[in-house]
Amino acid sequence: MTVELTYLLYSVILLLAHILIQATSSDLSLGLRYAIGTQDEERMPDSVVAKRIERALMNFLESYPAFIALVLIISLTSAGNSWTATGAA
């Protein structure tokens, strides 16, 4: 496995961590009753920290498709070198 694909694997783990942390902080901010309820109404988290964690997840998801595409192109064309490894890091 190339260095770039290794970093892609690490980024998937980071994505899962982002999602779990955001969901947990949102549930804690909104309360357990809302978390296990029907969630018919749209509610935003009250906590500043929960809002910041949600923005961090959205920022990650915004640039993630480009990272995936670049890593796959580099891996499929075998164009990996020290610069692409540094860029993936």
Trainee: Side-chain heavy atoms nearer than 4.5 Å, only ILVMFWY residues, links allowed to pass through others: does that put Ile68 and Met1 together?
Mentor: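 Same hydrophobic cluster.
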Trainee: So do the side chains of Tyr7 and Val71 get within less than 4.5 Å of each other, counting heavy atoms only?
Mentor: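 With C-beta onward as the side chain, the pair stays apart.
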Trainee: Do you know which of Leu5, Thr84, Leu70 makes side chain to side chain contact (heavy atoms under 4.5 Å, CB included) with Ser75?
Mentor: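 One option only clears the test, and that one is Leu5.
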Trainee: Rounded at 0.5 Å granularity, tell me how far NE2 in His18 sits from CG in Leu20.
Mentor: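 Going from NE2 on His18 over to CG on Leu20, the span is 11.5 Å.
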Trainee: Please say yes or no: joined through hydrophobic side-chain contacts below 4.5 Å, possibly via intermediate residues, are Leu61 and Phe67 part of one cluster?
Mentor: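 In one cluster with Leu61: Phe67, yes.
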Trainee: Is there a donor-acceptor contact under 3.5 Å from the side chain of Ser11 to the main chain of Leu8?
Mentor: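 Flag set: sc Ser11 to bb Leu8 pair under 3.5 Å.
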Trainee: Is any side-chain heavy atom of Leu57 closer than 4.5 Å to one of Ile53?
Mentor: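 A side-chain contact is absent here, since even the closest heavy-atom pair is not under 4.5 Å.
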Trainee: Let me confirm one number: the CG-CG distance from Leu9 to Leu14, rounded to the nearest 0.5 Å.
Mentor: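 That separation rounds to 11.5 Å.
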Trainee: Kindly work out whether a path of hydrophobic side-chain contacts (I/L/V/M/F/W/Y, heavy atoms less than 4.5 Å apart) joins Met58 to Val12.
Mentor: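 Yes, it is one cluster - the side chains of Met58 and Val12 are joined through contacts under 4.5 Å.
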Trainee: Donor-acceptor pair, distance only, cut-off 3.5 Å: does the side chain of Ser25 make one with the backbone of Ile21?
Mentor: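 Yes, because the side chain of Ser25 sits within donor-acceptor range (under 3.5 Å) of the backbone of Ile21.
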Trainee: Do you know the tightest heavy-atom contact between Glu4 and Ala85?
Mentor: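 Glu4 and Ala85 have their closest heavy atoms at OE2-N, 3.3 Å.
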